[in-house]
Amino acid sequence: MKKFITIKDAMKKGTGDVHIRGWVYRQRASNKFVFIVVRDESDIIQCVIKKEKSPEIYEEAVKLTIESSIELSGVIKEDERAPTGYEIQVKELNIFQIAEPFPITQDQSTEFLLDNRHLWLRSRRMTAILKIRHTVVGAIHDFFRKRGFYEFDAPVFQPSMSEGGATLFEVKYFKDKVYLSQSWQLYAEAGIFALGKIYNVGPTFRAEKSKTSRHLTEFWMCEMEAAWMKLDGAVQLAKDEIRFILKRVLRDNKQDLEILERDIKLLEKYAKVKYPTIKYADALKLLNEEYVMDVPWGKDLRTLEEAKIAEHFQCPVVVTHYPTDIMGFYKPPSPENPKEALCFDMLAPEGYCEIVGGSERSLLVDNMMERLKAEGEDPQNYDWYFDLRKYGSVPHSGYGVGLERVVSWICGIDSIKDAIPFPRTMLRKTP
RNA sequence: GGGUCGGUAGCUUAGUUGGUAGAGUGCUCGGCUGUUAACCGGGUGGUCGCACGUUCGAGUCGUGCCCGGCCCGCCA
């Protein structure tokens, strides 16, 4: 019985007989040789067949097309002429299927690759990104579990909004209607009274009409909520989490970062340095004085301004105390200055901007009701939420990390669409 | 929602003042080679996004629509 191993393991072995299987990545044939570069989930390797030595295998191998599925046995050895430094002299070849001509060739447009995402997933680029995404999610689970957080799930069908009514996806629910989750948060605020410190990695749906390289309508948000935690505690936790994620990726995905041609030195710096925290008001001062911009107090920071701030510090930056008026109803006014809210965003450098958003949670029921009304919401829909403020209310905080934004930044990729296997945006819902 | 750029062969694209659509790549056939996104030669391949209009004549000009990329707003 043959024992098949991954290409990576075969190269680790380095000598002797190996059995591998995978898909044809490249094939070059002449009338003396066939070179097959085989791909599996771990790496690629060049395999060579000499007509003189094994004419039967040669005849079979000549017919191979890109993405044909095969298994083969042979002798592996180091060879500096091979693309990944090792080569297999093929002794046995078993073809499962000769693939039809693969539609993705050397000429590719973004649109075509998105239309063929089900096939483009196999590219070295997508594979590398997906592996990094895997590491990031795993790191998040480890980070929170090590710190005593419980995993807690919220419903995806929700009766009301948490982040603004205009961006809800409506779903028919028998004879009624509900909305897809915009956030885990309101339910998490119920969960902390049972479990204290909780977290979650889950899908989030926002019908924002944003057609940018930083927006998806369906994305994965990694959120946390903790009883007794104040703003500074949440900020510190978010910084620790991001550094923890970076360290994990640097430990586990060097090869993938290289495939993506990411500046590893830069990521190492992000994993090490302390991230500054500045207040919104100081951010404005910085923008207006050092960069001769003209941002009035009370306006949310725009992408351009966020990018400037992160560029100034050359690492992720936390901005706190945004104007209360432009923030969600659950973000509390600061006791020292009610015009400022006890909230924060973390801005990633290199133009990736907002990757984390969070806050202390308001305990002021009257104030929240006012603000909901001002947004055109019926506070009655939030009865259960306000109940939480009646039965042993405690200070608490939470934040959400945009998974695809973090993955995009770490991978250094141009579009957030590549940070998820099958992206959903305002203009793309297939395949 | 606003702005902007684009849609020509399976894919990537060129196309001048409006005058019978051209290349690369793929596929295919042949040649050659320890090949490296191999190379050389032959062949194959088009309802120029859709509709209407202007014109003797529209890929090219006009109007409307459809589809997509990016930027802004909004957000993670």
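Lettering follows sequence order; numbering is per chain, from 1.
Summarising the local packing, CG of A/Asp414 is surrounded by 12 or fewer heavy atoms from other residues, nucleotides or ligands at distances under 6.0 Å.
Residue contacts for A/Gln89: at a heavy-atom cut-off of 4.0 Å it reaches a base atom on one of the strands shown. Contact annotation for A/Thr110: no contact, since no heavy-atom pair falls under 4.0 Å across all strands. At a threshold of 4.0 angstrom between heavy atoms, the contacts of A/Pro103 with the nucleic acid are absent. Among the atoms of the strands shown, only primed sugar atoms or phosphate atoms (P, OP1, OP2) are found under 4.0 Å from some heavy atom of A/Val356. Heavy atoms of A/Lys417 sit under 4.0 angstrom from primed sugar atoms or phosphate atoms, though from no base atom.
The gap from the C1' atom of B/C27 to that of B/C67 amounts to 28 Å, rounded to the nearest Å. When the C1' atom is used for both B/G15 and B/G46, the distance is 14 Å, rounded to whole Å. Taking atom P on both B/G18 and B/A23, the two are 24 Å apart, rounded to the nearest angstrom. Between the C1' atoms of B/G45 and B/U13, the separation comes to 15 Å (whole Å). One C1' atom belongs to B/C61, the other to B/G19, and the distance between them is 15 Å to the nearest Å. B/G22 sits 14 Å from B/G43 when the P atoms are compared, rounded to a whole Å. Rounded to whole Å, the P atom of B/U47 lies 22 Å from the corresponding atom of B/U28.
A side-chain donor from one of A/Asn94 and A/Glu71 sits under 3.5 Å from a side-chain acceptor of the other.
A/Thr65 places none of its side-chain heavy atoms less than 4.5 Å from the side chain of A/Glu100.
The phosphate of B/A38 has OP1 or OP2 within less than 4.0 Å of a side-chain N or O from A/Arg28. The phosphate of B/G31 (OP1 or OP2) has no side-chain N or O of A/Asn31 nearer than 4.0 angstrom.
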ask   = Please walk me through it: do A/Phe144 and A/Tyr150 pass ring-ring contact (aromatic ring centres under 6.0 Å, His included)?
value = CA-CA 8 Å; A/Phe144 284 112; A/Tyr150 290 99; over 10 Å; no

